[in-house]
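Worksheet: the structure to be examined is printed underneath.
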2 protein chains.
Amino acid sequence: MSTAWVTLATNDGYAIGALVLAHSLRQSGTQHALHILYTDGVSPALRAQLTSVFTASTLVNVLDSRDIANLALIGRPDLGVTFTKLHAYRLTQYTKAVFLDADTLVVQNADELFERPSFAAAPDIGWPDFFNSGVFVFTPSEQTYHELVELATSQGSFDGGDQGLLNQYYSNWRELDAAHRLPFIYNVTSGAIYSYAAALKKAGKDIKIVHFLGSAKPWQKGAAHAHVGTHWAQWQSTFDSNVAQTLPQNLNPA
Amino acid sequence: MSTAWVTLATNDGYAIGALVLAHSLRQSGTQHALHILYTDGVSPALRAQLTSVFTASTLVNVLDSRDIANLALIGRPDLGVTFTKLHAYRLTQYTKAVFLDADTLVVQNADELFERPSFAAAPDIGWPDFFNSGVFVFTPSEQTYHELVELATSQGSFDGGDQGLLNQYYSNWRELDAAHRLPFIYNVTSGAIYSYAAALKKAGKDIKIVHFLGSAKPWQKGAAHAHVGTHWAQWQSTFDSNVAQTLPQNLNPA
Ligand SMILES: O=c1ccn([C@@H]2O[C@H](COP(=O)(O)OP(=O)(O)O)[C@@H](O)[C@H]2O)c(=O)[nH]1
Ligand SMILES: O=c1ccn([C@@H]2O[C@H](COP(=O)(O)OP(=O)(O)O)[C@@H](O)[C@H]2O)c(=O)[nH]1
Ligand SMILES: [Mn+2]
Ligand SMILES: [Mn+2]
């Protein structure tokens, strides 16, 4: 069984996120490969870092005109990044994979995710009948990839992004066995809800993956954010210890 | 099979909420009885309204010294209201019941909730591995009541309220079959999460029960709130058409 964590970066900001994520995965002692999907929006200096830190890398094209299915996407620039995430399904060298957004951080070993059935994801705190697509367990498959592209072109995505599209595709997710619904500790996104504080106190030590969802990302210098301070600081410290010194000075956000 | 919707009011504000809720339930064409639990914190004028609008009512005591189990709660005033909600479990004249917070509004018939297995509740958007205790399907039982009181006195509640206590008691809820996890449309609480807007557009027409969770309640005149405008207006209009003219003038928040 060949397995990998998969992430994606289409520009230098997300590439920095992906590097921090990769280091956090290594620090967690993961037994699985780390695979990065990147586009030519990532600058050469950062591509070199990505290919050295990740186990494997794939340069993907946002709109690949050699792919008939992709052609239909032309004229839908809003689906560009969505489509790029879908490339993860083409990594059929792996029998099981876990996609992680580049704005996630692994704070404790989470290798047991690979024992989950495919498809599995955690609820989205905006509307918990939908899953959040920042962390998901999946089985790479060309057929699924084509069905997803087909769905994107025929119906579009209800939120304009990959989360809406994947929720339309796996529309029965809410009704599946509990094994398919990842505990929230695998994709902790902080909401401004008062019940969050008490839950965080009770379940905080169990958190395995933090997700810096939203417009403020930890690689943006001085970003005002609504995330848990210790999580944000943990990202910064992983960045400072492992990534900062490897970046060209103009790319260093710190 | 005898069934009822159950709610609770310990003061005049929540009693007004309960009246609006009861009218919304009648407007939905429900086939089930409406049962109100109230304490002597509700003024006589509102008690009269409650007993005339609800099918049945029970005056409950926050700290009932005749109940040995309750005695242990003395010295834990923070558990007072929690304990009062637990009284719902003593309504053993019903074989199945659905508890609704007094700050909920039924916007479409939801009688099918009584076909759900007990216990059933919807995820809390603060931490979706826990359920929100504003809407739950349960089977009244003196034994469960005593076990809950026992748990309250021995361990307390991790959030100081009924939600923490019930989540400790039903700690395997997350692992239960999907039937025990109510769809979010039965307890829609609005979060300030950007994915909420797209989901609301997609699933909004399916919403059955709205929950005005948080410190701003619709019976508080001019309250600044983060709820969906149309939901807040729907509460106001139910209040204006059915409740306003029945209240003594000093209690009318409009
Ligand atoms: O311009 C972009 C936007 C997104 N992404 C990738 O797509 C994921 C999802 O986007 P984001 O995390 O910004 O969305 P959010 O989690 O905030 O909804 C990112 O983590 C990246 O892996 C990217 O590479 N470039
Ligand atoms: O002072 C109070 C507080 C609460 N409640 C009852 O307990 C429920 C839960 O409290 P609330 O709705 O204020 O909590 P939230 O949903 O905002 O967490 C209310 O809806 C009422 O039914 C009450 O009667 N009096
Ligand atoms: Mn993300
Ligand atoms: Mn409430």
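Lettering follows sequence order; numbering is per chain, from 1.
- For chain B, the option among Gly164(A), Pro183(A), Ala178(A) with the highest count of heavy-atom pairs below 4.5 Å is Pro183(A).
- Here the closest heavy-atom approach between residue Ala18(B) and residue Thr7(B) is recorded as CB-CG2, 4.0 Å.
- At a 4.5 Å heavy-atom cutoff, the contact between Leu200(B) and chain A is made by backbone and side-chain atoms alike.
- In this structure, a donor-acceptor pair under 3.5 Å is present between the side chains of Thr139(B) and Ser118(B).
- With a 4.5 angstrom heavy-atom cutoff, Asp159(B) touches chain A via backbone and side-chain atoms both.
- Put simply, of Arg181(A), Glu175(A), Lys201(A), the one with the most heavy-atom pairs under 4.5 Å next to chain B is Arg181(A).
- When only modelled atom types and interatomic distance are considered, His32(A) and Thr3(A) share a side-chain donor-acceptor pair under 3.5 Å.
- Within the model, atoms OG1 of Thr238(B) and CG of Leu21(B) stand 10.0 Å from one another, a figure rounded to the nearest 0.5 Å.
- The number of heavy atoms from other shown groups lying within 6.0 Å of CD (Glu112(B)) is above 12.
- Within the 4.5 angstrom heavy-atom criterion, only side-chain atoms of Phe130(B), from C-beta onward, approach chain A.
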